[in-house]
Amino acid sequence: NQELLRHDEL
Amino acid sequence: MNIFRLAGDVSHLVAIIILLLKIWRSKSCAGISGKSQVLFALVFSTRYLDLFTVFVSVYNVVMKVVFLALSYATVYLIYMRFRNSYDSENDTFRVEFLLVPVIGLSFLENYAFTPLEILWTFSIFLEAVAIMPQLFMITKTGEAESITTHYLFFLGLYRALYIANWVWRYHMEGFFDQIAVVSGVVQTIFYCDFFYLYVTRVLRGKGKMSLP
């Protein structure tokens with residue numbers, strides 16, 4: 001779930 | 001969430017609050033590049049459009065909203081409330097020299113050719129160079145107040161901790177975001193020279209950092 005991980009970072 | 005990520009986010013928040021409090025308490029934004037602050041507000045505005053499309057966590061939403069609000073508050077203080085103290089004569093970095101290549105690159109290199117993805121990539125690339133007007137201003141005037149250097153230190157620390165976070169995530173979660181990592185490393189390199197001056201001049205010496 002790379003997409004979600006990417007948007008997790010600020 | 002790992003310790004590097006959390007510490008990185010906290011450093012970022014501390015940096016922004018240090019700057020905001022410095023301007024608020026001294027009622028002056030002398031020595032601060034308004035252009036850099038506008039660029040950071042633009043960075044947050046374009047990246048956090050994902051608030052409308054993806055829900056990650058309450059922490060994620062709260063931090064994004066806080067960063068957006070604080071960055072706009074900083075811009076407001078510089079250009080409206082304390083604009084008399086704004087040192088526009090020394091804040092002369094040509095922002096278009098950053099914006100044009102960054103816009104071009106974000107169209108060329110992105111995860112998907114959609115408006116939101118291009119804007120996300122734009123925000124990542126822009127963040128890497130957004131501090132340049134501020135560093136340029138310090139080089140031009142030849143000095144920076146210690147509180148401004150503390151701000152830059154925490155901003156640089158945040159970047160360094162994010163690199164540690166990426167190393168951790170790569171090993172623990174198999175996560176690797178090429179665009180963020182490459183531009184994050186480039187961004188951190190910009191701070192290295194400043195880190196050296198900060199340690200040798202500010203921490204070991206007097207209040208102000210003056211360049212040789």
Side-chain angles (χ1 to χ4, degrees), chain A, chain B residues 1-2 4-6 8-13 16 43-44 47-68 70-71 110-112 116-117 120-121 123-124 127 158-159 161-163 165-166 168-170 172-181 183-184:
Chain A
N1 205 347
Q2 299 269 317
E3 181 72 9
L4 199 62
L5 288 173
R6 189 152 63 83
H7 291 286
D8 168 39
E9 298 196 334
L10 300 171
Chain B
M1 178 66 77
N2 59 67
F4 303 112
R5 226 329 272 294
L6 187 62
D9 289 349
V10 170
S11 294
H12 197 180
L13 194 59
I16 293 170
V43 164
F44 292 137
R47 185 175 312 165
Y48 297 162
L49 289 171
D50 61 11
L51 280 170
F52 299 105
T53 58
V54 202
F55 176 78
V56 182
S57 65
V58 173
Y59 170 84
N60 187 270
V61 172
V62 170
M63 290 297 268
K64 284 175 176 174
V65 171
V66 167
F67 282 160
L68 275 169
L70 293 181
S71 70
N110 50 57
Y111 292 127
L116 277 181
E117 279 302 322
W120 182 86
T121 313
S123 82
I124 296 286
E127 188 185 354
Y158 141 65
R159 294 316 312 180
L161 285 164
Y162 253 67
I163 291 180
N165 156 60
W166 290 323
W168 176 275
R169 294 188 88 163
Y170 178 73
M172 294 302 184
E173 302 166 28
F175 173 74
F176 180 72
D177 181 341
Q178 193 182 331
I179 289 177
V181 170
S183 63

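The basis for the numbers below is simple: all heavy atoms, side chains too, and nothing from hydrogens, waters or symmetry mates. A, B, ... follow the sequence lines: proteins, then strands. Residue 1 opens every chain.
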Side chain / backbone / both / neither for B:Asp177 at chain A, heavy atoms under 4.5 Å
side chain
What part of B:Tyr48 gets within 4.5 angstrom of chain A, counting heavy atoms only: side chain, backbone, both, or neither?
side chain
Hey, are the side chains of B:Arg47 and B:Glu127 touching, using non-hydrogen atoms and a 4.5 Å cut-off?
yes
Side chain, backbone, both or neither: which part of B:Phe55 has an atom under 4.5 Å from a heavy atom of chain A?
backbone
Under 4.5 Å from a heavy atom of chain B, the part of A:Glu3 involved:
side chain
Less than 4.0 angstrom from a charged side-chain N to a carboxylate O is my criterion; do A:Arg6 and B:Asp50 meet it?
no
At their closest point, which heavy atom of B:Phe67 faces which heavy atom of B:Ile16, and how far apart are they?
CD2-CD1, 3.7 Å
Here the gap from B:Asp9 atom CG to B:Leu161 atom CG, rounded to the nearest 0.5 Å, amounts to 9.5 Å
